[in-house]
Amino acid sequence: MNRFGNLQGCAVDLGGTKIAAARFVDGEIVRRCQTRTEGEAPPEVLIDTIAGLLSELDFTRDESFGLAAAGKVDAAGNWGAVNQRTLSKVKGVPMRQLVEERIGSCLVVNDAAAATLAEARFGLGHDIANFAFITVSTGVGGGLILNHQLHQSEDGMAGHLGFMSSRYATELCGSGRHATVESIASGRAIEAAAKAAGHDEHDARAVARAAKQGETWADSLFETSAAAISDLCGDLRCLLGIKTIALGGGIGLSQGYLGRVNRHLTALPLPFQPHVDTAKTGIDGPLVGALCFTQMAHAALGASNGG
Ligand code: BMX
């Protein structure tokens with residue numbers, strides 16, 4: 001059995017830091033390319049970047065593709081950044097329509113929701129009725145599987161776990177809310193805290209290296225990030241009875257981060273401790289999930305047409 005079942009076609013993952021594209025053949029990624037996300041770019045430039053990546057994969061208009069994007073995606077495929085500091089010109093964008101005009105047929109889904117689908121089908125959430133995915137990356141995102149279904153809301157806000165409140169946070173978040181999990185635990189938050197501590201040449205990877213080399217200021221930033229994520233896991237346990245949570249994203253998957261989260265979790269009373277492990281679909285989760293989402297939509301359409 002191939003790693004990702006029978007997935008076939010192209011997928012794009014537009015995250016806060018990078019835009020990645022991949023071509024799947026019979027459940028395996030056979031080609032991939034990526035570029036940096038220009039956070040200040042207008043939507044049409046971001047769409048052009050997507051078009052450029054897909055052309056590197058010899059995508060043709062008669063194909064359709066799956067697009068996972070950071071931001072909220074409503075039922076009509078309109079796309080808007082919740083954290084305006086990450087994608088500052090993405091507001092109420094008719095993304096599905098613009099992409100179809102510029103590139104070809106595509107379905108759009110939030111990137112963390114896509115990774116949730118991927119993990120439910122090929123990873124930690126397989127065959128589990130109630131499951132959550134949390135990405136710790138540029139932001140903190142998430143997705144919920146409730147009764148074996150991806151939980152979605154009309155406006156695309158459902159699953160935005162990074163905008164829950166955190167007792168470790170005090171700052172104004174890019175979402176406009178104060179003291180969110182994202183504002184203390186995300187890659188951007190770690191970078192901002194490093195800068196505030198006088199280490200302004202450190203991105204999150206550099207902070208991780210410093211922590212590994214025993215720098216206590218860097219270690220404490222990751223410790224606080226992990227503590228906020230472990231609180232979020234405890235919240236999901238008592239809010240939705242979720243017992244299994246997958247952790248993804250560049251920071252969530254980084255060496256030692258899961259151990260930090262689980263150490264904080266063991267400080268909670270047992271009923272608040274879900275099982276937390278790293279996402280088996282890894283950094284490819286959003287790409288895999290974008291195609292899963294597209295496959296599910298086409299199957300549902302076929303069924304409703306009596307196909
Ligand atoms: C933010 C939000 C989510 C996204 C999450 C992870 C924006 C632009 N992003 O919470 O929609 O899923 O970050 O995004 O509002 P990533 O770029 O870190 O993968």
Side-chain angles (χ1 to χ4, degrees), residues 11-20 34-43 46 49 67-74 77-93 95 108-119 132-144 150-153 155-166 169 171-177 179-192 203-205 225 228-229 232 246-254 257 279 281-290 293:
V12 173
D13 170 18
L14 193 165
T17 299
K18 70 170 174 32
I19 306 177
Q34 71 180 53
T35 186
R36 214 172 69 79
T37 302
E38 295 297 337
E40 306 293 320
L46 294 169
T49 305
L67 172 57
K72 62 186 170 82
V73 181
D74 71 15
N78 298 311
W79 177 46
V82 184
N83 188 328
Q84 298 280 323
R85 287 181 199 155
T86 307
L87 294 170
S88 60
K89 298 190 179 63
V90 173
K91 297 181 187 78
V93 180
M95 193 61 168
V108 194
V109 60
N110 167 264
D111 57 351
T116 305
L117 280 176
E119 204 56 25
F133 169 82
I134 297 172
T135 177
V136 186
S137 33
T138 309
V140 171
L144 301 168
L150 178 69
H151 179 60
Q152 290 190 286
S153 55
D155 65 354
M157 274 304 280
H160 275 85
L161 306 177
F163 302 118
M164 304 276 282
S165 296
S166 171
E171 301 301 311
L172 177 65
C173 170
S175 64
R177 190 177 194 192
T180 61
V181 172
E182 179 154 312
S183 69
I184 191 74
S186 69
R188 289 286 168 87
I190 288 170
E191 289 168 13
D203 65 6
R205 285 177 193 274
S225 168
I229 296 298
L232 178 59
L247 195 53
I251 290 176
L253 292 165
S254 65
Y257 192 84
T281 52
I283 214 71
D284 290 329
L287 291 166
V288 173
F293 185 76

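In each ligand, atom 1 is the first atom listed, and ligand 1 is the first ligand listed.
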(message) As an exercise, state the distance from CG of L150 to CG of L144, rounded to the nearest 0.5 Å.
(response) 8.0 Å
(message) As an exercise, identify every atom of ligand 1 less than 4.0 angstrom from a heavy atom of F163.
(response) 1 (C), 10 (O)
(message) Give the atom numbers and elements of ligand 1 that come within less than 4.0 Å of a heavy atom of S137.
(response) 16 (P), 18 (O), 19 (O)
(request) Run the numbers for me: atoms of ligand 1, each under 4.0 Å from some heavy atom of H160, listed by number. (result) 3 (C), 11 (O)
(request) Report yes if T86 has an N/O atom closer than 3.5 Å to an N/O atom of ligand 1; otherwise report no. (result) no
(request) Give, for atom CG of L14 and atom CD1 of I19, the distance between the pair rounded to the nearest 0.5 Å. (result) 4.0 Å
(message) Check this for me - ligand 1, V82, N or O atoms closer than 3.5 angstrom, yes or no?
(response) yes
(request) With heavy atoms under 4.0 Å as the rule, classify the contact between V90 and ligand 1 as side chain, backbone, both or neither. (result) neither
(message) I'd like to check which ligand 1 atoms, numbered from 1 as shown, lie under 4.0 Å from a non-hydrogen atom of N83.
(response) 7 (C), 8 (C), 15 (O)
(request) Could you tell me which atoms of ligand 1, counted from 1 in the order shown, lie closer than 4.0 angstrom to a heavy atom of G141? (result) 5 (C), 6 (C)
(message) Rounded at 0.5 Å granularity, tell me how far CG in D74 sits from CD in Q152.
(response) 10.5 Å
(request) Working to the nearest 0.5 Å, report the span between CD1 of I283 and CD of Q34. (result) 9.5 Å
(message) Could you identify the single nearest non-hydrogen protein atom to atom 4 (C) of ligand 1 and state the distance to 0.1 Å?
(response) D111 OD1, 3.5 Å
(message) Taking distance alone, with N or O pairs closer than 3.5 Å, would you say V140 contacts ligand 1?
(response) yes
(request) State whether the shortest distance between N or O atoms of T135 and N or O atoms of ligand 1 falls below 3.5 angstrom. (result) no
(message) Please check this pair: side chain of S183 against backbone of C173, looking for a donor-acceptor N/O pair closer than 3.5 Å.
(response) no
(request) Indicate the atoms forming the closest heavy-atom contact of Y257 with G252, along with that distance. (result) CD2-CA, 3.8 Å
(message) Polar contacts were defined as any N/O atom of the residue lying under 3.5 Å from an N/O atom of the ligand; does this apply to T17 and ligand 1?
(response) no
(request) Look only at the side chain of T135 and the backbone of G141, and say whether a donor-acceptor pair between them is shorter than 3.5 Å. (result) no
(request) Would you give the length of the straight line joining atom CG of L247 to atom CD of E119, rounded to the nearest 0.5 angstrom? (result) 10.0 Å
(message) So if I count the atoms of ligand 1 from 1 in the order they appear, which ones are less than 4.0 Å from some heavy atom of G15?
(response) 17 (O)
(message) Can you report which non-hydrogen protein atom sits closest to atom 17 (O) of ligand 1, along with the distance?
(response) G16 N, 2.6 Å
(request) Indicate yes or no: does an N/O atom of G139 lie under 3.5 Å from an N/O atom of ligand 1? (result) yes
(message) Tell me which one of T86, T17, L87 satisfies side chain to side chain contact (heavy atoms under 4.5 Å, CB included) with T37.
(response) L87
(request) Number the atoms of ligand 1 from 1 as they appear, then name those within less than 4.0 Å of a heavy atom of A81, with their elements. (result) 8 (C), 15 (O)
(message) To the nearest 0.5 Å, what is the distance between CE on M95 and CG on L67?
(response) 5.0 Å
(request) Among all protein heavy atoms, pick the one closest to atom 10 (O) of ligand 1 and tell me residue, atom and distance. (result) E182 OE1, 2.5 Å
(request) Name the closest protein heavy atom to atom 9 (N) of ligand 1, giving the residue it belongs to and the distance to 0.1 Å. (result) G71 N, 3.6 Å
(message) Between Q84 (side chain only) and G174 (backbone N and O only), is there a donor and an acceptor less than 3.5 Å apart?
(response) no
